[in-house]
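The block underneath contains the structure these notes are about, expressed in structure tokens.
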Amino acid sequence: MKPSQTPNNPCFSSGPCAKRPGWSLDALKDAALGRSHRAKVGKNKLAGVIERSKKLLGIPDTYQLGIVPASDTGSVEMAMWSLLGERGVDVLAWESFSSGWASDCKSQLQLKDLRVFQADYGKLPDLSQVDWARDVVFAWNGTTSGVRIPNGDWIARDRAGLSICDATSAVFAMDLPWDKLDVVTWSWQKVLGGEGAHGMLALSPRAVARLESFTPNRPLPKIFQMTRGNKLIAGIFQGETINTPSMLCVEDALDSLKWAESIGGLPTLIARSNANLKSIEAWVAQSSWAAFLAEDKSVRSSTSICLKIKDPHFTSLSASDQDAHVKSIVSSLEKERVAYDIGAYRDAPVGLRIWGGATVETSDIQALLPWLDWAYGQARTAFAGRAPVESVQVTQ
């Protein structure tokens, strides 16, 4: 039967993600619109995003944190183009974006001493293969695979190379070992539900030392340049952005940071995300058709929660029919205004992806789950051409 209760907020997209609970356009009323980002009011707001982010996340005082162009993608590329090439590089790849960083290292940066450790969607590569005499590039959380690194035990404290971490779907929802991370990147539109186009870049003292001592054998676009005369351009990390930022997006970022502070800071953000995952885990444990793409619970993401379909009826379909089957689920839920944008990422295995970050209410997750059963039953009937087989039961 069609459920009667619907989520209050049907936004379960993995980016841009749901706005914080209670958000409205009124949150942007103090935006510095029509003002220069280099005026005092603009610089203060940009610096406020930096300082609040550092405090909320517990970033060491010795680290630099800046706002840079082009979202998390721009942040990662900025770090790779500016820092890599001084020594050999290891890249860990187990989903779309980390695979993209490996491809860029090979084809764009054309690094000669490059090793790529690949794993299928739903799994992690063997982290013990990493050589910390080399630079290491990796994502903390696989946004398109639902797999996260469980801890930082595998990262050497006495490393000679740099640890370069894409943490965009992890930061603010997972506990990161900052003392073991030399470069950390993220964007506003993930766990805090901010708007796009801007990235954050955190640098350890070791990363700054590399920037000031190493000159890449490649030209750097202006938006990638972080040094001048072999010295760090300090203004970038004080609110003096390289290019013109959107002050609307800046105001929105400040609003989400203030909200996070008001509810208890990082521990509460992590707890909210974990509660969302636990709700889905309890439902999956009773489901006859849904399973986690990440079968190992210890590496399962609490933000980008990726599901596959295990029903033999579905797995017996052709690849094109499986794709159409899932699209019908996604479409019917959107039509009912129950869930938006929950299809798997285009490069990932066919399935569903539900965002469980801190801005998503657990009550909305719980309201969504019966609708997933209903939508799957509807799609299965359509593709079977008859009523669902009695032996396949969906949870209610």
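Atoms considered below: every heavy atom in the structure, side chains included; atoms not considered: hydrogens, waters and symmetry mates.
- With hydrophobic clusters built from ILVMFWY side chains whose heavy atoms lie under 4.5 angstrom apart, Trp178 shares a cluster with Val49.
- You'll find the ring centres of Phe97 and Tyr345 inside the 6.0 Å limit.
- Classification of Asp182 and Arg210 as a salt-bridged pair fails, no side-chain N sitting under 4.0 Å from a carboxylate O.
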Worksheet item: Run the side chain to side chain donor-acceptor pair (under 3.5 Å) check on Ser298 and Asp296 step by step: do they pass?
Response: CA-CA 5 Å; Ser298 70; Asp296 181 352; 2.8 Å; yes
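- Looking at Phe292 and Leu277, their side chains come closer than 4.5 Å, going by heavy atoms from C-beta outward.
- Taking the side chain to side chain donor-acceptor pair (under 3.5 Å) definition, one finds that Trp81 meets it with Glu77, sequence neighbours left out.
- Distance alone, capped at 3.5 Å, is enough to place a donor-acceptor pair between the Thr315 side chain and the Pro312 backbone.
- More than 12 heavy atoms of other residues, nucleotides or ligands lie within 6.0 Å of CZ in Arg218, so this atom counts as buried by the packing criterion.
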Worksheet item: Please walk me through it: do Gln366 and Ser363 pass side chain to side chain donor-acceptor pair (under 3.5 Å)?
Response: CA-CA 5 Å; Gln366 292 169 340; Ser363 58; 5.9 Å; no
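- Not a single ring pair (Phe, Tyr, Trp, His ring centres under 6.0 Å) links His37 to another residue, sequence neighbours left out.
- Using cut-offs of 30° and 60° on the angle between ring planes, the pair Trp186 and Phe172 is perpendicular.
- Considering only residues two or more places apart in sequence or on other chains, Asn141 meets the side chain to side chain donor-acceptor pair (under 3.5 Å) condition with Ser169, Ser301, Thr303, Ser304.
- For Trp289 and Trp283, the distance between ring centers is under 6.0 angstrom.
- No side-chain N or O of Ser331 forms a donor-acceptor pair with one of Glu334 less than 3.5 Å apart.
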Discussion item. Assess the residue pair Gln189 and Ser71 against the criterion (side chain to side chain donor-acceptor pair (under 3.5 Å)); give the C-alpha distance rounded to whole Å, side-chain angles, the decisive distance to 0.1 Å, and a yes or no.
Written reply: CA-CA 9 Å; Gln189 71 261 34; Ser71 193; 3.0 Å; yes
